[in-house]
**Student:** 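Got a structure for you, questions after.
The figures here come from the full heavy-atom set of this structure, side chains too, leaving out hydrogens, waters and symmetry mates.
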Amino acid sequence: MFTTTGSRGLYKAPLSKGLLLVLSGLTVMLALLPQYQELFVYDLQAVTQHHQVWSLLFGRLVCLDVKDSFCSGLLIYNFRIFERRFGTRKFASFLLATWCLSALTDFLLAQAFQFLFDYEVEDLPAGLLAPVFSLFVPFYRLIPRVPVTQVLGQIHITNKSLVYIVGLQLLTSSPFMWLLALSGLIAGGLYHSNVLWVQKLLFVPACVSFIGQYILEPIFSCSQPSSETPLGMGATLDIQRQQRMDVLDQQLLLAQYNESTRNNRPQPPSRLFGWTRLFSTLRQRGQNRPPVQPPPRAQTQPSTQALPQDHSPAVEEQVALLVEMGFSRSDALEALRASNNDINMATNFLLQH
């Protein structure tokens, strides 16, 4: 149930792959060599009283708990979609800015907690945890909710449910994890809203991005995955059938989107007839599309008549929403046409390209 807003794997996400490999590898090494774990303890008292800056740097990078490393790795793997959408430099700038902002927020929240409850917070969970929690801010605001199924007819399961469950598991892994989560959300909100022009103050310099592009990116780059989407392991027969239907549904709409960008080439009648005959969801969408059996002249006429619908208030609102997310107006219109004005499916198409 992870978000299907891009291809599987770590294609076009070298920074995410590097974080997963390096940080997870260091966690495993520290688990095998416990005598070096004290160097990576996130001790607030050591930073404030003894000015041990290395405790702040190392303690907020590598996880000492394997469970925390596993959960944060799952979240980083899922949030790789932002690196694909905005680029590696902007994604790295987001992590750098939220790391700095959350470091300051950690001390402020610790002092506030001591003032309110007369309890001194000595150390916090180690690892790149606050920047990971900060990624929930753009995840909540930019990624649309796509319903997947229902449990007991009341509980709706979406493409974002498992991500929130993993985040909740990470939140409850230690007593003071909530402090890191709160500081990360505050830092993510400040950066996403660009309060006090923080995006212009905290960013990765162009020279550092240039060095990483030619030295580190070739090391952590991945090949493009195949177009065939594998089914989930261990799923029941009904779930596998539903997954296969969703995969074919998305492939058909993606093919329509590609055809619309290539001057709306007509689709073979036999292929469309076979899919709409087997799957009811495609048959319902086919009722809103022009028929494919008449000659090409009859097909181009409904497409030209459908253009004025793009200026309706509902469509204009959807186009404005996609433009605010960073897409161009022409791409937003093409994606909405291909998805029958389905904002969720249109966003998925645009994120895949």
**Student:** State whether the side chain of T149 and the backbone N or O of I157 hold a donor-acceptor pair below 3.5 Å, judged by distance alone.
**Tutor:** no
**Student:** Can you measure from CG (D106) to CZ (R60) and round to the nearest 0.5 angstrom?
**Tutor:**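 Going from the CG atom of D106 to the CZ atom of R60 covers 5.0 Å.
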**Student:** Between K160 (side chain) and I143 (backbone), is there a donor-acceptor pair under 3.5 Å?
**Tutor:**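 Yes.
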**Student:** Can you tell me how far the CD atom of Q114 sits from the CG atom of L109, to the nearest 0.5 Å?
**Tutor:** 13.0 Å
**Student:** Is it the case that atom CD in Q49 sees more than 12 heavy atoms from other parts of the structure closer than 6.0 Å?
**Tutor:** yes
**Student:** Tell me whether Q35 at atom CD has more than 12 heavy atoms from other residues, nucleotides or ligands lying less than 6.0 Å away.
**Tutor:**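 Atom CD in Q35 is packed in, count exceeds 12.
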**Student:** Can you list the steps and then say if S93 with Q199 is a side-chain contact (heavy atoms from CB on, under 4.5 Å)?
**Tutor:** CA-CA 8 Å; S93 299; Q199 296 182 7; over 6 Å; no
**Student:** Would you say that more than 12 heavy atoms from the other residues, nucleotides or ligands in this model lie under 6.0 Å from the CG of L196, or not?
**Tutor:** no
**Student:** Using the benzene-type ring in the case of Trp, are the ring centres of Y140 and Y164 under 6.0 Å apart?
**Tutor:**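 For Y140 and Y164, the ring centres are not under 6.0 Å apart.
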**Student:** Just by distance, no angles: are the side chains of E217 and Q213 close enough, under 3.5 Å, to form a donor-acceptor pair?
**Tutor:**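 Absent: no donor and acceptor within the cut-off.
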**Student:** Are there more than 12 heavy atoms of other residues, nucleotides or ligands under 6.0 Å from atom CZ of F86?
**Tutor:** yes
**Student:** If we ignore hydrogens and angles and just use 3.5 Å, is the side chain of R84 paired with the main-chain N or O of Y11 as donor and acceptor?
**Tutor:** yes
**Student:** Kindly say whether L336 contributes a backbone atom to a donor-acceptor pair with the side chain of Q318 at under 3.5 angstrom?
**Tutor:** no
**Student:** Looking at L190, is its backbone amide N or carbonyl O close enough to the side chain of S193 to form a donor-acceptor pair, meaning the two atoms are under 3.5 Å apart?
**Tutor:**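 No, the answer is negative, given that no donor and acceptor are paired below the 3.5 Å cut-off.
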**Student:** Report the C-alpha separation of R329 and E334 in whole Å, then their side-chain angles, then the decisive distance to 0.1 Å, and conclude whether the salt bridge (Lys or Arg N to Asp or Glu O under 4.0 Å) test is met.
**Tutor:** CA-CA 9 Å; R329 179 178 176 83; E334 293 293 343; over 6 Å; no
**Student:** Before we go on, tell me: are the rings of F82 and F94 under 6.0 Å apart, centre to centre?
**Tutor:** no
**Student:** Using side-chain heavy atoms (C-beta onward) and a distance below 4.5 Å, is L15 in contact with L95?
**Tutor:** yes
**Student:** From R145 CZ over to T158 OG1, what is the distance, rounded to the nearest 0.5 angstrom?
**Tutor:**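 Going from CZ on R145 over to OG1 on T158, the span is 5.0 Å.
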**Student:** What distance separates L128 CG from S102 OG, expressed to the nearest 0.5 Å?
**Tutor:**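 The OG atom of S102 is 8.5 Å from CG of L128, to the nearest 0.5 Å.
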**Student:** Does a side chain donor of either S55 or D43 reach within less than 3.5 Å of an acceptor in the other side chain?
**Tutor:** no
**Student:** Quick one: are S134 and H192 in side-chain contact, heavy atoms under 4.5 Å?
**Tutor:** no
**Student:** When you measure from the centre of the six-membered ring of F91, is the NZ or CZ of R80 closer than 6.0 Å and no more than 45° off the axis?
**Tutor:**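 Negative - R80 is either too far from the ring of F91 or too far off its axis.
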**Student:** Distance from I76 atom CD1 to N78 atom CG, nearest 0.5 Å?
**Tutor:**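 Going from CD1 on I76 over to CG on N78, the span is 11.0 Å.
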**Student:** I want to check something: taking the side chain as every heavy atom from C-beta on, are L23 and S69 in contact at a cut-off of under 4.5 Å?
**Tutor:**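 No, side chains not in contact.
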**Student:** Angle between ring planes, W178 versus F113, binned at 30° and 60°: parallel, tilted or perpendicular?
**Tutor:**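 Tilted: the ring planes of W178 and F113 meet at 30° to 60°.
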**Student:** Please say whether more than 12 non-hydrogen atoms of neighbouring residues, nucleotides or ligands are located less than 6.0 Å from CD in Q169.
**Tutor:** no
**Student:** Just verifying a value: how many Å separate L179 CG and L124 CG, rounded to the nearest 0.5 Å?
**Tutor:** 5.5 Å
**Student:** Would you say the side-chain atoms of N194 pair up with the backbone N or O of V198, donor to acceptor, closer than 3.5 Å?
**Tutor:** yes
